[in-house]
Colleague: 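There's a structure below that I have some questions on.
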Amino acid sequence: MCYSVAIDGPAGSGKSTVAKMISKELDIIYLDTGAMYRAVTLKVLSENVDFNDISSIKGIVDSISIDFKGNSIYLDGKDVSEDIRSTIVTNNVSDIAKLDYVRTKMVALQQKIASGNNIIMDGRDIGTIVLPDAELKVFLTASIEERARRRFDELVNKGKDVDMEVLKDEIARRDKIDSERSNSPLVQADDAILLDTSSMNINDVINFILGKLKDRDLI
Ligand code: DC
């Protein structure tokens, strides 16, 4: 029998780092659903489409091709793994991810990828909408200060010049849009385990999740 693991939570809570490492440890598929919304946003921005022009956005979503090879994401055949992390995509993605048509298409694609596989997926609505029957659901959080600090370290390591207060404001803005949208907002599923990672390191979080999978006889 296949099992699926849903990891949800706000920006910077450590979801993707944790999910990626667990997928490696267990040799199961990892799907970064945020990367898919980022790819759509990249295409909308690169075609200069107005965010209110829903019919053009529908056209993009209907014709787009999104593929994963290893940990890289391909948009219409091009590796965009770096481009989707740019500041402009990061600061606009919440406005694209809240659109009904975009969500319907992405959720269908995510469910298709999950079908018949052992998978760990991270996002905002995995436990509530995408994989409501996931065998394990974890909702990761951390204080906004800690999440901004992690993002700050990540960007500084990449040689970027960043301001902590600006980062904090950007994260708070994304949290607000993601949590207040009408379609599948960021919310903890009733049956998800809440884990505040503010004072935990990555290994503690991974061991916690692996422990839960063992408790449930999934691994
Ligand atoms: O996890 P991330 O920062 O790469 O996500 C990018 C954006 O996509 C974020 O604003 C929330 C949105 N998102 C979503 O609405 N649903 C998901 N399952 C994953 C991400």
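Basis for what follows: all heavy atoms, side chains included, without hydrogens, waters or symmetry-related copies. Each ligand, and each atom within it, is numbered from 1 in the order the structure gives. Residue numbers start at 1 and run along the sequence shown.
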Colleague: Need the list: ligand 1 N/O atoms against protein N/O atoms, distance under 3.5 Å, rounded to one decimal.
Modeller:
from, atom 1, to, atom 2, distance (Å)
ligand 1, 1 (O), Arg124, NH1, 2.9
ligand 1, 1 (O), Arg124, NH2, 3.4
ligand 1, 3 (O), Arg38, NH2, 3.1
ligand 1, 3 (O), Arg124, NH2, 3.4
ligand 1, 3 (O), Arg174, NH2, 2.4
ligand 1, 4 (O), Arg38, NE, 2.7
ligand 1, 10 (O), Ser94, OG, 2.8
ligand 1, 10 (O), Asp178, OD1, 3.2
ligand 1, 10 (O), Asp178, OD2, 3.1
ligand 1, 15 (O), Arg103, NH1, 2.8
ligand 1, 15 (O), Arg103, NH2, 3.4
ligand 1, 15 (O), Arg181, NH1, 2.7
ligand 1, 15 (O), Arg181, NH2, 3.0
ligand 1, 16 (N), Arg103, NH2, 3.0
ligand 1, 18 (N), Thr33, OG1, 2.9
ligand 1, 18 (N), Arg124, N, 3.2
ligand 1, 18 (N), Asp125, OD1, 2.8

Colleague: Checking salt bridge (Lys or Arg N to Asp or Glu O under 4.0 Å) between Lys137 and each of Asp190, Asp8, Asp191, which is the one that passes?
Modeller: Asp191
Colleague: For atom CE of Met21, decide whether the heavy atoms of other residues, nucleotides or ligands shown that lie under 6.0 angstrom number more than 12.
Modeller: no
Colleague: Keeping Asn92 on the side-chain end and Ile88 on the backbone end, is there a donor-acceptor pair under 3.5 Å?
Modeller: yes
Colleague: Could you point out which residue of Ser184, Ser94, Pro10 forms a side chain to side chain contact (heavy atoms under 4.5 Å, CB included) with Asp178?
Modeller: Ser94
Colleague: Can you give each donor-acceptor pair under 3.5 Å made by side-chain atoms of residues 212-219, sequence neighbours left out, with the distance rounded to 0.1 Å?
Modeller:
from, atom 1, to, atom 2, distance (Å)
Arg216, NH1, Glu135, O, 3.0

Colleague: Do the non-hydrogen side-chain atoms of Lys58 and Val102 ever get within less than 4.5 Å of each other?
Modeller: no
